[in-house]
Amino acid sequence: MRKNKICGILNLTESRREMYPLTHVRPVAALPFCCRYRMIDLPLTNMTTAGIDTIGLFCKDSLRSIYDHIHSGSEWGLESVHGGLFFFSSGTADQHEARALGRYGDIYNYYQNLEFIEKSEAEYVVVMGSRTLCNIDIQAVLRNHIEQGAAITVVYKSVERLTEDDQEMSCMMIDEDGRVRALRSCSTQARNQKSFINMEIYLMKSSLFTKLIRNTVAENERCNLNDVLHKSMIKLQTNGFEYTGYLKNINSIQAFYNANMDMLQDANLTALLKGSQNIHTKVKNEAPTYYARTSDVNDSLIANGCLLKGEVKHSIVFRNVTIEKNAVVNSSIIMQGSYVGTGAELHYVILDKQVRIEPNTKLIGTKDKPIVIEKNSIISRIVEDKPVENSLISLKVSHVDDQTSLFS
Amino acid sequence: MPILFPLVMKNEMIAMILAGGQGSRLGKLTRTIAKPAVPFGGKFRIIDFSLSNCSNSGVRTVGVITQYQPLELNSHIGNGSYWGLDYRDGGVTILQPHSSLDGEKWFEGTAHAIYQNISFIDSHQPTYLLILSGDHIYKMDYERMLDFHKAKNATASVAVIRVPLAEASRFGIMNTDNTDRIIDFEEKPAHPKSNLASMGIYIFNWEVLRRYLTESHATGQNMDDFGKNVIPSYLANGENVFAYAFDGYWKDVGTIESLWEANMAFIDPEHELNIRDRSWRVYSKNPVAPPHYLTKEARVRESLIVDGCYVSGEVDHSIISQNVKIGANSKIRNSVIMANAVIGKNVTIDHAIVGEHAIFADNAQVVGDKQIEVVGYNEIVGGLGDEEE
């Protein structure tokens with residue numbers, strides 16, 4: 001056993017419902033974020049920067065979009081002879097069997113694969129999810145864990161007031177010694193009350209982790225890993241580690257939109273994506289982005305490979321996007337490979353990948369309720385003989401049944 | 001249909017890229033790095049074009065011969081994975097001069113560099129050897145040239161491009177018969193008879209070339225250079241040497257002016273090189289950087305910008321490479337700014353090439369005209385520490 005070796009566990013069994021339609025085609029971990037990243041890049045980079053070379057990805061369904069993004073993990077330096085990436089999906093076939101045996105929850109996926117943790121010969125495990133956007137130094141958490149002599153260390157963020165985006169999270173009661181005493185749902189807290197949000201990042205000895213899972217299964221409990229950890233936090237000596245950087249819980253389309261827009265402020269971008277650790281992602285070969293003489297772009301984050309000929313304000317533009325002449329894109333998120341035709345106008349819109357906005361189409365959402373257009377859609381304005389009154393936004397939505405694009 | 005086998009049979013042809021040249025006419029830009037490592041087009045280095053051509057043509061084994069200032073080039077190429085050239089048997093190998101019992105082995109010329117690496121080539125047992133220069137910007141399918149070479153039953157083929165007759169005396173000129181067979185070769189002729197210029201790209205039957213190189217070495221005959229010695233010697237011995245005509249974009253950016261012009265032309269999305277063509281990509285080493293940010297004050301027109309930049313000023317008809325910072329009210333026009341340069345506020349740059357990691361203090365000015373201004377790598381312009389400005 002290498003001293004202080006940590007094994008990483010990415011707990012990606014997160015619920016997708018809240019993020020429909022963006023998560024119809026992908027798990028939360030594979031959601032595109034800020035021009036060129038995916039949500040999973042953050043916890044993955046946090047782990048590898050901390051020197052973690054053995055990482056298990058636990059997932060409840062298809063790993064395709066995640067695997068397509070990560071492959072052997074070479075971008076994160078995970079293809080060495082030591083450790084590597086391990087994928088564990090509970091899979092649909094297993095789920096039927098699990099139901100027949102009366103086993104619900106992701107805990108069985110962990111139970112069946114405990115061998116992974118034992119084989120890794122790691123002294124500690126760290127558990128992270130992908131819906132909590134943060135950039136954390138896991139070695140600092142480990143140092144704190146060892147100093148405090150806690151059984152479990154849990155990471156939290158102290159906030160002066162809770163927002164709409166925090167409602168799904170839990171917050172902790174912490175005593176003067178930094179010990180966690182109780183857990184509560186954020187939705188039961190008063191909004192303007194100082195709270196300690198549980199970021200669902202846990203560090204403990206691997207022996208304790210395997211024991212918790214074995215005991216839960218022995219007691220025939222049907223639950224998820226997070227439930228087990230929540231219970232154990234109260235039962236065992238658990239200390240809090242305060243995280244002071246940028247944090248956003250991606251629990252809704254609104255939160256996702258806000259987090260992307262937050263990146264337009266240099267301080268947030270620096271804190272999350274390039275501060276103490278440069279976040280890694282799958283590298284693609286794209287040409288530089290071209291700005292035409294007719295373009296008018298500012299207050300925006302732009303990826304490589306775009307052709308920009310129109311107006312872009314306060315927006316996030318992913319790779320290989322084309323914005324035609326006289327098009328207006330304002331306060332919007334335009335994902336990879338999308339096309340905005342001449343004279344089209346988008347305000348407060350999220351275009352998923354490979355969306356085509358036909359010329360002169362107008363889509364106008366609001367700051368609190370951005371319009372979301374699904375992957376591969378073609379949006380065109382219906383041109384009729386007789387103009388219909390008050391039908392500025394008459395839309396026709398159609399989907400391209402393009403299987404190959406699923407893999408991009 | 002998926003391609004189950006590589007386009008060229010494994011090791012039927014291997015490539016050797018001659019990347020040892022200094023490119024002295026590029027002045028400050030090649031003082032510390034070799035010409036093939038000079039940045040181009042915002043996110044490429046010149047050698048990326050040859051390496052990508054190899055990758056796209058199905059050439060799986062590539063030797064890169066370096067000599068002059070190889071550090072930057074070696075770290076750029078690494079194990080070749082960025083070009084998809086990290087095969088288990090083959091891939092990219094960097095070949096540097098080394099000493100042996102016979103003494104030190106500096107490369108005396110293009111063919112001499114091949115002679116010094118005979119054991120590397122032999123270890124791959126190729127039928128054909130492709131010789132490339134790492135100095136040129138172009139897209140070319142070497143597999144088609146190999147087909148031509150085979151169809152003509154040649155022992156050597158030379159890729160040629162038509163140049164304006166007025167400029168022909170700057171090149172090695174091939175005179176051919178009506179079957180494309182080369183009957184005469186003139187190096188930089190005063191009175192060129194044709195306008196077919198050698199591109200410095202050759203395919204040789206390895207067995208024959210190997211014999212020429214080893215025998216001449218034994219007899220003390222000079223066989224150091226392909227253009228000056230090898231091709232004339234082939235012709236004198238009646239070997240079948242053919243000219244393979246190439247008609248795409250090809251640029252030898254040998255001078256500051258031509259490097260600047262090639263970069264400026266590259267901005268145009270309709271450029272002949274068609275850099276956005278997904279069926280023939282130009283690969284490069286891609287460091288990780290966040291997307292680029294244009295502030296509320298930024299004004300960008302007719303330009304190329306790459307990941308990691310922060311632009312607050314005005315950019316017109318310029319190329320801004322990775323991680324460049326441009327402060328408020330600065331004006332960048334008709335210029336190439338290489339990676340990691342930091343440009344302060346109220347700076348004016350026009351008709352210039354700015355090297356990597358250069359620093360401009362607030363209010364600094366570098367304005368060229370027909371003569372392009374060059375700011376070297378790591379150079380500091382303006383401010384207290386400056387003596388040149």
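Letters A, B, ... mirror the listed sequences (proteins, then strands); counts begin at 1. FYI, side chains are in, hydrogens and waters are out, and symmetry mates aren't considered; it's all heavy atoms of this structure.
Neither the backbone nor the side chain of A:I316 comes within less than 4.5 Å of any heavy atom in chain B. Proximity to chain A is limited to the side chain of B:R278, based on heavy atoms less than 4.5 angstrom apart. For A:E286, the parts lying near chain B are the backbone and the side chain together; criterion is any non-hydrogen pair under 4.5 Å. Using a 4.5 Å cut-off between heavy atoms, A:F318 does not touch chain B at all. Interface remark: A:R293 contributes backbone and side-chain atoms alike to the contact with chain B (heavy atom separation under 4.5 Å). Within the 4.5 angstrom heavy-atom criterion, atoms from both the backbone and the side chain of A:C34 approach chain B. Within the 4.5 angstrom heavy-atom criterion, no atom of B:V315 approaches chain A. With a threshold of 4.5 angstrom between heavy atoms, A:V283 approaches chain B through side-chain atoms but not through N, CA, C or O. Neither the backbone nor the side chain of B:I319 comes within contact range of chain A; no heavy atom of the residue lies under 4.5 Å from a heavy atom of that chain. Of the two parts of A:S295, the backbone and the side chain both hold a non-hydrogen atom closer than 4.5 Å to a non-hydrogen atom of chain B.
Note: B:W260 and B:H317 fail the aromatic proximity criterion, with ring centroids not under 6.0 Å apart.
Side chain to side chain, A:D266 and B:Y293 fail the donor-acceptor criterion of an N or O pair below 3.5 Å.
Interface with chain A: from residues 340-350 of chain B, no residue qualifies, criterion being any non-hydrogen pair under 4.5 Å.
Here B:S303 is the residue among B:G42, B:S312, B:S303 with the most heavy-atom pairs under 4.5 Å with chain A. Each of A:T281, A:L308, A:I279, A:L307 has some count of heavy-atom pairs under 4.5 Å with chain B, and the biggest count is that of A:L307. When the candidates B:R301, B:H292, B:K43, B:R276 are compared by the number of heavy-atom contacts under 4.5 Å with chain A, B:H292 comes out ahead. Among B:S81, B:A298, B:P269, the residue making the largest number of heavy-atom pairs under 4.5 Å with chain A is B:P269. Between chain B and the options A:I302, A:L301, A:D296, the largest number of non-hydrogen pairs under 4.5 Å is found for A:I302. Among A:A303, A:C35, A:A292, the residue making the largest number of heavy-atom pairs under 4.5 Å with chain B is A:A292. Between chain A and the options B:P291, B:S284, B:P287, the largest number of non-hydrogen pairs under 4.5 Å is found for B:P291. Of all the listed residues (B:I275, B:N286, B:D268), the one sharing the greatest number of non-hydrogen pairs under 4.5 Å with chain A is B:N286.
The CG atom of A:D299 sits 4.5 Å away from atom NZ of B:K296, with the distance rounded to the nearest 0.5 Å. A distance of 9.5 Å separates OG of A:S332 from NE2 of A:H314, quoted to the nearest 0.5 Å. To the nearest 0.5 Å, atom CG of residue A:N304 and atom CD of residue B:Q322 are 7.5 Å apart. From A:I334, atom CD1 reaches atom CG of A:D352 across 11.0 Å, with rounding to the nearest 0.5 Å. Note that OH of A:Y37 and CG of A:L133 are 12.0 Å apart. Values are rounded to the nearest 0.5 Å. Rounding to the nearest 0.5 Å places OH of B:Y310 at 9.0 Å from OG1 of A:T270.
A perpendicular orientation is assigned to the rings of B:F266 and B:F44, their planes being inclined by more than 60° (bins at 30° and 60°). Using cut-offs of 30° and 60° on the angle between ring planes, the pair A:F87 and A:Y67 is perpendicular.
Using a 4.5 Å heavy-atom threshold, the side chains of A:Y291 and B:I305 count as touching. Under the 4.5 Å side-chain criterion, counting only non-hydrogen atoms from C-beta, A:M128 is in contact with A:I136. Side-chain contact between A:L57 and A:I40: present, with at least one pair of heavy atoms (C-beta onward) separated by less than 4.5 Å.
Considering every non-hydrogen atom in both A:V317 and A:C306, the closest pair reads CG1-SG, 3.8 Å.
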Result block: side-chain N/O donor-acceptor pairs under 3.5 angstrom for residues 322-329 of chain A, not counting sequence neighbours:
residue	atom	partner	partner atom	Å
A:E324	OE2	A:Y339	OH	3.2

